[in-house]
Amino acid sequence: MRIYFDHNATTPPAPEVIDEVTSRLAAEFGNASSIHYFGQRAKAVLDEARSQVAGLIGAEPSEIVFTSGGTEADNFALRGIADVSAGRLHLLASAIEHEAVLNTLKALGRHGCRTTIIPVDQTGIVRPDALAAVLTDETALVSIMHANNEIGTVQPIAELARIAHARGALVHTDAVQSAGKIPVDVKTLGVDLLSLSAHKFNGPKGAGALWIKRGTRLAAILTGGKHERNRRAGTENVPAIAGFGVAARLARAKLASEGARLAALRNRLEEGILARVPGTAVNGAREPRVPNTTNISFEGVEAESLLIALDLEGVAVSTGSACSSGTLEPSHVLRAMGLPTHRTQNSIRMSLGFGNTEAEVDYVVERLAGVVGKLRSLTRAGR
Amino acid sequence: MRIVVAMSGGVDSSVAAALLARQGHDVIGLSMQLYDQREGQPRFGTCCTIDDLHDARRVAAHIGIPHYIVNFERQFSETVISNFVEEYAAGRTPIPCVHCNGDLKFATLVARAEGLGADFVATGHYARVERDGATGRYLLKRGVDAAKDQSYFLFTLDQAQLAHAMFPVGTLDKAAVRRHARELGLQVAEKHESQEICFVPDGDHAAFLERQGAAAAAGAIRDIDGRVIGRHDGVHRFTVGQRKGLGLSSPIPLYVVGIDAVANTVTVGPRAALEQSELTASGVNWIAGVAPAPGARLTARIRHRHREAPATMTGIEGDTVHVRFDEPQSAVAPGQAAVFYDGDVVLGGGWIAKEI
Ligand SMILES: Cc1ncc(COP(=O)(O)O)c(C=O)c1O
C-alpha cells in the first residue's frame, strides 16, 4: 500500500486534466503565434485556459501571463519590478518565503538592490507592525506569500498590502500554496502581482502564471518573440496550459466542499497524532491555515529517519525543503519562527489532497506511533 | 533479510547493492552527504560529491531498490574532519578513512539502519567477515583481491559491529566486480576510483588545513644532529617520509624523519634515517577481543600501500603494544595505523605512536 501525504510538494493530476493534456498534446500541435488554422486552434486553447485560470482568482484573462511554473512567476515578479523601478531599489520579502523568492531576492541583492527580510512571529505570521518597521520610501516591492508551503499558515495579505501601498510600494504574493485550497481573490487580497503553479492543485507540472494587475509596469525576464502580449517570450506549452485551465476550473468548482473535507481529515490526523504519540506538537498557527497541511515535531526523533522509515512503510511525507542532493536541511521556516534547532530537525510536514481518505489517516496515525516508538527506543538505548 | 547498503556511487558499493538485491534481500541504499554540496568549487574525481550521490541514486533506481541520501555533515565534521585537523596540528599523519568507517559508517549509519529495521549494513569494501566456528567470534579478513584489500581501514571494528557488517565484494577481485557491473548494466561499471582523501580532492592538505584554521607558524628545519638548516612555514605541511617541498639544497636527498609540533620543528635526514625496526602502537583494538601473547609472530602493515612486514610482538601494556620487525621499515609515520595480520586474518591494529 502506498499513501501519499505530500500534496504540498506536488499533486497527482486529476483524470480530467490527464485527458485534457493528452488530447491537446495529440490534437493541438500548432504554434499559438501562427496565423493559420493550426495556430488559431492552439491560440483558442490558450484563451480558454486563460479565462479558467483568471476565474479561479477573480481576475481578468488579459492580466494572466503563463509561465513555466511558480518559480518562474516569482522570478518574474521580483526581477521584473526591480528592472523598471529605477530610483526605488529596496525590496522586501518575508523570512518564510519559498526559495524561489528568497534566492531571487539574494541574487538581486548582489546586483545592486537593497533587500530586507521581514521577520515572522513564533506562529509563522508576518505582523503588520513588522512590515511597517522595515518599509521605506525607497521600497519598490513587498513579497509575502499567501500560504506557507511548510506549515500552511495564511498571511493577512489584505492588511499587509494596505500598509505597503500607503508607502508607495507594490505588493506581490506567492499564492502557489493557497490557490485551489482556499479562496484566492485578487481584489480582496488587494495585491498587484500573484504567482500560481498548476501542479499544486492537480494540474500538470511546468505550467504556472503570474497575475499582473492591469497597469502594473514590469519588465519581461524572458525576452524573445512577442508571446503573452510581449511579456513572456517562448512558444507556449499548450497542452500543459490547457491542463492548468482544467485544473483551475475543477479547483474552483469544488473549493468549498473539498476544503471542508480536507480540513476534517487534517484535523483527524493532527488530533490522532497528538493523542497517540507522546512528545508531539503542531508547529505554527493552527488558524488561519490552509485546510490540508500540518507540520508536527516529534521530540527526540530525527525527521530524516522518520521520513525514511515511513516511506519504507509506504507512507510519503516530507520535511523542510530538500536541497540539491535531496537531503534535508533545517527548515528556514521553522528557524524563522524561532524554534530551537532540535525541534527544526524533529519536524515533518504532512499535506493532504484529493485522493486521501479517513482510512488512510487512521493507518498513518497507527504507523507513526509504531515507527516513532521504535526510533525513540533506539535513541534511548544510546545509539 | 533487510540490508542497508552504504552506497558511495562507486562501482564497488554499487555492485555490492546489486548482488544483495539479486540474492533476493530487502536492500535499502543509503548515501551519506558529508559536506555542504551547494557552495564552494566543484569537486572532482573523489567520492561523495554531488555527482557521486546522483550516480548512487541512478544505480539504485536501475536495480530497483529504495535509495535515500542522509545528511551526516555535522557528524562528519565533528568526527572525521576535526580529527584530521588535530592530528596534523600535533605533527602526526592521520587516516580519515579509518574514522569514517569506524565512527560514521559502522556507528551512525548502523544506528540509522537499525531504526529502519535492517539486520545488516553492507559496504563496498574489499574485506571479508567470517564467523569462527570454534569460538563463535567474528573474524575480519583481508579481501580476496590482494591489490585492492581494504582491511587496513577497518581495524577499529569490534565484534558488535562485525556482527552486522557485510562486505559483498570482498570475495571478488576488482576485475570480477567490474564484470558484474557490466553484466548488471550498471552505469558506473567503468567509473574511476578515488585515491585521494575525499574532502581534499586536489591533494593540497596544507591549503585545506589552513582553510580549517590551522596556524601557519614558521619554525626551524633541523638535521638529525639538531643543526638548523632551513625554515618551514607550519608543521601541518609535513609528513614523515616526505621529500618534496622542503626547500633545502643538499647533495643527498633529504626526507622528513620527524615532526615535533610542540617545538614547532621538522627534522630531516638521509633515507637511512627513516628506517626503524620497532614501533609502538597505542589505542589497539583486537578484533576477536583477545590480544596475542608477547613473542607472537605476525605481519604488520604501517600504511595502506605498505607491503606487510614480518614482525614479533615484543610487549603489551593495556592497549599499547610494541612490535619488532624482522627487517627495518622505512617511514613509520606517527598517526598512521599499524595493522597486524595472521595470514589473511586481521588480528587488530592501533595508532603508531611517536618513538622519540
Ligand atoms: C510557495 C511556493 N512557491 C513556489 C513554488 C515553486 O513552484 P514550481 O514548482 O511550479 O516552480 C512552490 C513549490 O515548490 C511553492 O510551494
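Per chain, numbering begins at 1; letters A, B, ... match sequence-line order.
Listed in order of number, the residues of residues 153-167 of chain B that approach chain A to under 4.5 Å between heavy atoms amount to none.
Only the side chain of Glu302(A) comes within contact range of chain B, with heavy atoms under 4.5 Å apart.
Within a 6.0 Å radius of CZ in Phe120(B), more than 12 heavy atoms belonging to other residues, nucleotides or ligands are found. Crowding of Gln187(B) atom CD: a count of heavy atoms from other residues, nucleotides or ligands under 6.0 Å exceeding 12.
Interatomic distance, Leu116(B) CG to Leu375(A) CG, rounded to the nearest 0.5 Å: 7.5 Å. Interatomic distance, CG of Leu378(A) versus CZ of Arg112(B), reported as 11.5 Å (0.5 Å rounding). In this structure, CD1 on Ile308(A) lies 5.5 Å from CG on Leu30(B), to the nearest 0.5 angstrom. Separating the CG atom in Asn71(B) from the CD atom in Gln345(A) is a distance of 9.0 Å, to the nearest 0.5 Å. Within the model, atoms OG of Ser377(A) and CD of Glu114(B) stand 8.5 Å from one another, a figure rounded to the nearest 0.5 Å. With rounding to the nearest 0.5 angstrom, the CG atom of Leu307(A) is 8.0 Å from the OH atom of Tyr68(B).
For the residue pair Glu304(A) and Ile69(B), the shortest heavy atom distance occurs at OE2-O, 4.0 Å.
In this structure, Leu312(A) and Pro66(B) have side chains that are in contact, with non-hydrogen atoms separated by less than 4.5 Å.
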